[in-house]
Amino acid sequence: SMAAPSAPRPPRPRKEPQPLVIPRSAAEEQRLRLERLMRNPEKTVPIPEKLNEWAPRPPPEFVRDVMGSSAGAGSGEFHVYRHLRRREYQRQDFMDAMAEKQRLDEEFQKKLERNKLIAEEQTAKRRRKRQKLKEKKLQAKKNKLEQKKQEK
């Protein structure tokens with residue numbers, strides 16, 4: 001190698017061999033995974049990103065294998081047609097699914113908003129009730145004090 005001779009690298013720490021354990025249940029598998037994670041708490045845990053959803057291939061800009069105007073359909077033409085048709089159906093299904101998903105998302109957001117408003121109304125109502133009670137108590141206290149003064 002071309003690099004200048006540097007200090008020899010320190011030997012890598014040997015991993016102590018782990019006994020092979022076959023988990024018998026989901027809970028045991030989870031426990032084993034946790035134990036493995038906790039063996040080295042400083043080590044970072046990779047959290048996978050959300051995968052992009054599948055989307056159909058866009059239709060081709062330029063179709064090359066177009067039949068000549070005087071040609072009859074050859075034996076392979078049906079298969080070409082079949083693939084194109086399948087892809088187009090897939091694309092339409094995908095668009096329908098996306099529209100449906102968007103509709104459901106919007107509905108869900110509306111529902112959340114509605115629930116939030118209802119909850120806020122309830123909170124306000126209860127707050128008013130508490131205030132009323134507080135004021136009643138204060139008024140009762142004042143009345144009591146007034147009565148004591150009058151008695152003296």
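Any value given below was found using the heavy atoms of this structure, including those in side chains, with hydrogens, waters and symmetry copies removed. Numbers for residues simply follow the sequence, beginning at 1.
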Donor-acceptor contacts, no H, no angles, side chain residues 31-45, under 3.5 Å, sequence neighbours left out:
| residue | atom | partner | partner atom | Å |
| --- | --- | --- | --- | --- |
| Arg31 | NH1 | Glu35 | OE2 | 2.8 |
| Arg33 | NH2 | Glu29 | OE2 | 3.0 |

Name each donor-acceptor pair under 3.5 Å that joins a side chain in residues 96-117 to protein atoms two or more places apart or in another chain, with its distance.
| residue | atom | partner | partner atom | Å |
| --- | --- | --- | --- | --- |
| Glu100 | OE1 | Arg103 | NE | 3.3 |
| Glu100 | OE2 | Arg103 | NH2 | 2.8 |
| Arg103 | NH1 | Glu107 | OE2 | 2.5 |

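- Across all their heavy atoms, Pro48 and Pro46 have their closest contact at CD-O, 3.7 Å.
- Residue pairs satisfying the ring pair (Phe, Tyr, Trp, His ring centres under 6.0 Å) criterion with at least one member in residues 38-74, sequence neighbours excluded, are listed as follows: Trp54-Phe94.
- In this structure, the side-chain hydrogen bond (donor to acceptor under 3.5 Å, both in side chains) partners of Gln92, at least two apart in sequence or on a different chain, are Glu88.
- The salt bridge (charged side-chain N to carboxylate O under 4.0 Å, His left out) analysis of residues 125-148, with sequence neighbours excluded, yields no pairs.
- Atom CZ of residue Arg86 and atom OH of residue Tyr81 lie 13.5 Å apart, to the nearest 0.5 angstrom.
- Closest of all the heavy-atom pairs between Val21 and Glu28 is CG1-OE2, 4.3 Å.
- Screening residues 109-132 for ring pair (Phe, Tyr, Trp, His ring centres under 6.0 Å) gives no qualifying pairs among residues at least two apart or on separate chains.
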